[in-house]
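Written below as structure tokens is the structure these notes are about.
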Amino acid sequence: MHRIKKLLLENLVWSKGKTQNNPSYFTNMAEGQKPDYLWIGCSDSRVDPSELTNTQPGEMFVHRNVANLVVHTDLNLLSVVQYAVEALKVDHIIVCGHYNCGGVKAAMGSASLGVIDHWIRNIKDTYSFHRFEVDGIKSESDKVNRLVELNVMAQVKNLASTSIIQKAWNERQGFPALHGWVYDINTGLCKSIITIQSSNDLDSSHRYTF
Ligand code: CO
């Protein structure tokens with residue numbers, strides 16, 4: 001029980017600290033949000049978007065799930081993306097994976113783990129598509145880490161393939177820009193591996209006209 005009480009006590013200390021130098025900190029914050037970024041990241045507790053980008057409350061709209069997937073039937077994610085793009089008008093969307101991701105590792109294995117089997121099935125498809133390249137890598141951890149990168153690229157393309165993003169690109173000259181990053185838990189550094197701002201980067205079967 002004390003571990004949960006600790007959180008509430010920490011919250012009390014934090015809120016007092018915020019108002020100490022700026023008495024209107026929370027009343028200003030309560031007026032509304034205008035974040036520039038939408039972050040789509042892994043649920044992994046070590047990959048904290050505001051901590052690792054040093055962004056403050058109000059600066060980043062956030063969606064997290066296991067292995068940072070963009071699944072075109074996921075109403076939760078699509079609702080977040082539509083709100084971020086059409087109401088908040090974010091200029092940048094970051095899909096951030098991380099090396100040594102448990103979700104990606106699980107997708108490379110054959111064990112049945114329950115409901116998550118169906119979620120990470122999306123990564124299994126990416127693995128099977130790039131099987132030749134990934135299986136050609138010697139070290140197990142390098143294999144996982146390459147699939148982490150391929151997964152991020154696939155998710156950025158999934159995002160680019162939504163009508164929400166393509167409609168925005170049409171109206172806002174290539175914004176929001178879509179970025180694929182990979183975070184390295186060993187160094188604390190993010191690496192940018194892909195940026196897409198146009199449906200020309202997609203197969204014509206995935207392009208919409210408006
Ligand atoms: Co992960």
Side-chain angles (χ1 to χ4, degrees), residues 3 7 35 37-55 57 59-81 84 90 92-131 133-162 165 176-196:
R3 274 184 287 183
L7 290 187
Y37 315 97
L38 165 62
W39 176 278
I40 299 172
C42 185
S43 300
D44 192 303
S45 61
R46 299 165 295 178
V47 191
D48 183 326
S50 49
E51 177 77 18
L52 67 91
T53 58
N54 199 22
T55 41
E59 288 189 82
M60 191 180 270
F61 207 57
V62 173
H63 180 83
R64 293 168 77 179
N65 60 43
V66 171
N68 41 271
L69 299 185
V70 175
V71 177
H72 67 272
T73 51
D74 179 359
L75 288 179
N76 184 349
L77 172 118
L78 292 173
S79 305
V80 168
V81 169
V90 297
H92 299 276
I93 302 182
I94 300 143
V95 177
C96 187
H98 65 99
Y99 292 130
N100 202 21
C101 180
V104 172
K105 263 197 235 175
M108 291 181 86
S110 55
S112 171
L113 303 167
V115 173
I116 193 94
D117 293 345
H118 306 284
W119 182 248
I120 60 179
R121 163 65 201 282
N122 298 284
I123 312 171
K124 283 184 179 286
D125 290 345
T126 304
Y127 182 31
S128 96
F129 193 76
H130 297 277
R131 187 99 204 193
E133 182 196 338
V134 175
D135 284 0
I137 298 168
K138 284 207 179 90
S139 124
E140 277 311 306
S141 63
D142 289 350
K143 272 186 196 176
V144 172
N145 290 346
R146 182 56 185 153
L147 188 54
V148 162
E149 294 177 351
L150 292 166
N151 179 50
V152 164
M153 289 188 260
Q155 303 321 311
V156 171
K157 288 198 171 169
N158 285 348
L159 192 55
S161 301
T162 63
I165 294 298
L178 311 185
H179 310 272
W181 291 2
V182 181
Y183 174 72
D184 188 339
I185 294 174
N186 289 296
T187 62
L189 296 174
C190 283
K191 183 165 81 179
S192 172
I193 56 171
I194 189 173
T195 299
I196 302 185

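Order of listing sets the numbers, starting from 1, for every ligand and every atom in it. FYI, the numbering just counts along the sequence from 1. Keep in mind that the numbers below use all heavy atoms, side chains included, and drop hydrogens, waters and symmetry copies. Nothing here was measured: the structure is a model prediction, and the numbers come from that model.
- Atom CE in M153 sits 6.5 Å away from atom CD1 in I194 (nearest 0.5 Å).
- Cation-pi geometry between R131 and F129 is not satisfied (NZ or CZ under 6.0 Å from the ring centre, within 45° of the ring normal).
- Each of V62, I93, L159, L178 was compared with L38 under the side chain to side chain contact (heavy atoms under 4.5 Å, CB included) criterion, and only I93 meets it.
- Each protein N/O/S atom under 2.8 Å from the Co ion (ligand 1) was counted, for a total of 3.
- Counted within 6.0 Å of NZ on K143, heavy atoms from surrounding residues, nucleotides or ligands total more than 12; the atom is thus considered enclosed.
- Side-chain contact, N151 with T126: no donor N or O sits under 3.5 Å from an acceptor N or O.
- Judged purely by distance below 3.5 Å, without hydrogens or angles, the side chains of D135 and Y127 pair a donor atom with an acceptor atom.
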